[in-house]
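Only one structure is covered here, and it is reproduced in the block below.
Note that these values count all heavy atoms, side chains included, but never hydrogens, waters or copies made by symmetry. Numbering of ligands and ligand atoms starts at 1, following listing order.
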Amino acid sequence: MKNKLDKLKISALKNIQQAEGLPALEEVENNILGRKAGELTELMKGLKDLPDEEKKITGQLMNEAKKEIEAAIGARQEELAAKSWAGDLEKERIDLTAPALPKMERGHWHPVSIVQKDLEEFFASMGFVVADGPELESEFFNFTALNIPADHPARDSQDTFYIKNHPNWVMRTHTSPLQIRSMQKYGAPLRVIMPGKCYRNEATDARHEHTFYQLEGVVIDEKITMAHMKGVLEAVAKHLYGPETKVRLRPKFYPFVEPGVNGEVTCFLCGGSGCRVCKQTGWMEIFGAGMIHPNVLKEGGIDPEKYQGFAFGFGLTRLVMLKYGIDDVRLLESGDLRLVKQF
Ligand code: DAH
């Protein structure tokens, strides 16, 4: 019996050592110590048939062998577990030196944002602050406070999006209501630009869109003249289109300024001789401007006897189209990534 036990122990220890993987080890364990047909279990069952004297000694030997086998199984278990953990770690390892995934796409600024940011920085360098305001406006700020009388055609429902059941609300048709809001908020003296979205109820085509951008500006102080206005607008024109650019101001009526002008710059493409971009005129119309009407200053809470100022409104969308040669305005609000990805 002792012989058998020795053999069993040797082969058991060998099998344990050779088990690759926890399931294999479990099988080995079952073969030796399994309650039903484990080899050692079977051997131990034979104990009861031995004479008392031998029973004691062999029983002891068997118990020792069992303990030894169990310890070997425990040790092997730990070994295998550590191995598989190391394997998992290896699978999770990240190679920090590998090149970045080629599919990582970068975001793009929308062309309107590019030009807007550029102008914000330029105006900031001249001491302007940048402000914004609501796109859903009251009729009062959008029209009345800007000296636009109730019967002015600009209020016509053809051009303005009115809000159902809210007769006094409109989607702002220009950024000019922010003239009043900024005067009321900051008072005089004032130097501020206000870029933003505007809405008009237009039939859309390549040159018209119901949603577009303007950039409004206001300068108010004690001795402001049209010369200051022309100086600032010329600086902007040269910044946009180069040092050779000239500015032409021609009278135009806007209810909120007096006098009012329509501002043109020499065409950046032909320099003034006439081409496709400027429709053979040599000039491109890019802003409206003028000396702020006293009624408008009053609505803004500013004393027109003490202060004067000028206001201007750039067609930001138009600047973007001219800068990048975009010939259909509808592309800008289309959400088509093929447009944005080019910038
Ligand atoms: N609000 C005018 C428009 O949408 C543009 C404009 C003209 C703004 C003259 C001004 C200005 O500030 O002085 O057509």
Side-chain angles (χ1 to χ4, degrees), residues 112 119 123 128 130-135 137-149 152-156 158-161 170-184 190-202 207-220 224-234 236-237 247-265 284-297 299-300 302 304 307-321 329:
V112 171
L119 283 174
F123 276 104
F128 285 71
V130 181
D132 65 8
E135 292 170 18
E137 255 304 359
S138 71
E139 222 182 0
F140 175 78
F141 280 108
N142 198 78
F143 297 124
T144 313
L146 286 167
N147 202 33
I148 303 176
H152 194 278
R155 292 200 184 197
D156 198 310
Q158 291 287 317
D159 297 322
T160 307
F161 285 117
V170 300
M171 296 307 290
R172 69 178 179 203
T173 57
H174 51 179
T175 43
S176 300
L178 297 180
Q179 290 186 24
I180 311 287
R181 287 186 178 276
S182 63
M183 286 182 220
Q184 290 185 349
L190 183 60
R191 248 182 283 179
V192 60
I193 58 159
M194 297 147 297
K197 250 182 192 178
C198 308
Y199 304 86
R200 283 187 201 175
N201 188 4
E202 310 242 32
R207 289 166 57 84
H208 298 91
E209 175 61 293
H210 49 68
T211 304
F212 57 97
Y213 288 78
Q214 291 188 340
L215 187 144
E216 194 83 14
V218 166
V219 172
I220 296 171
I224 296 293
T225 70
M226 268 193 108
H228 295 115
M229 182 183 94
K230 192 169 184 202
V232 167
L233 294 170
E234 250 171 25
V236 178
V247 172
R248 177 164 85 171
L249 303 178
R250 298 196 295 174
K252 178 158 179 187
F253 174 73
Y254 295 102
F256 33 92
V257 283
E258 177 60 35
V261 299
N262 156 8
E264 292 168 310
V265 294
M284 304 182 304
E285 186 187 334
I286 58 168
F287 62 86
M291 300 305 290
I292 302 174
H293 197 288
N295 289 350
V296 173
L297 287 171
E299 290 291 359
I302 290 173
Y307 290 101
Q308 320 73 55
F310 61 89
F312 53 87
F314 281 89
L316 189 54
T317 296
R318 188 159 157 68
L319 296 182
V320 173
M321 292 174 72
V329 65

Between the main-chain N or O of Leu178 and the side-chain N or O of Arg172, is there a donor-acceptor pair closer than 3.5 Å? no

Given Thr173, which partner from the list Asn201, Asn142, Asp159 fulfils the side-chain hydrogen bond (donor to acceptor under 3.5 Å, both in side chains) test? Asn142

Carboxylate-amine/guanidinium contact Glu137 Arg181, below 4.0 Å: yes

Establish, yes or no, whether a centroid distance under 6.0 Å links the rings of Phe312 and Phe123. yes

Less than 4.0 Å from some atom of ligand 1, heavy atoms are found in residues His174, Ser176, Gln179, Arg200, Gln214, Glu216, Tyr254, Phe256, Val257, Gly288, Ala289, Gly290, Ala311, Phe312, Gly313

Could you check Phe256 against His174 for side chain to side chain contact (heavy atoms under 4.5 Å, CB included), going step by step and ending with a plain yes or no? CA-CA 12 Å; Phe256 33 92; His174 51 179; 4.1 Å; yes

In chain order, what residues pass the salt bridge (Lys or Arg N to Asp or Glu O under 4.0 Å) check against Glu234, with sequence neighbours excluded? Lys230

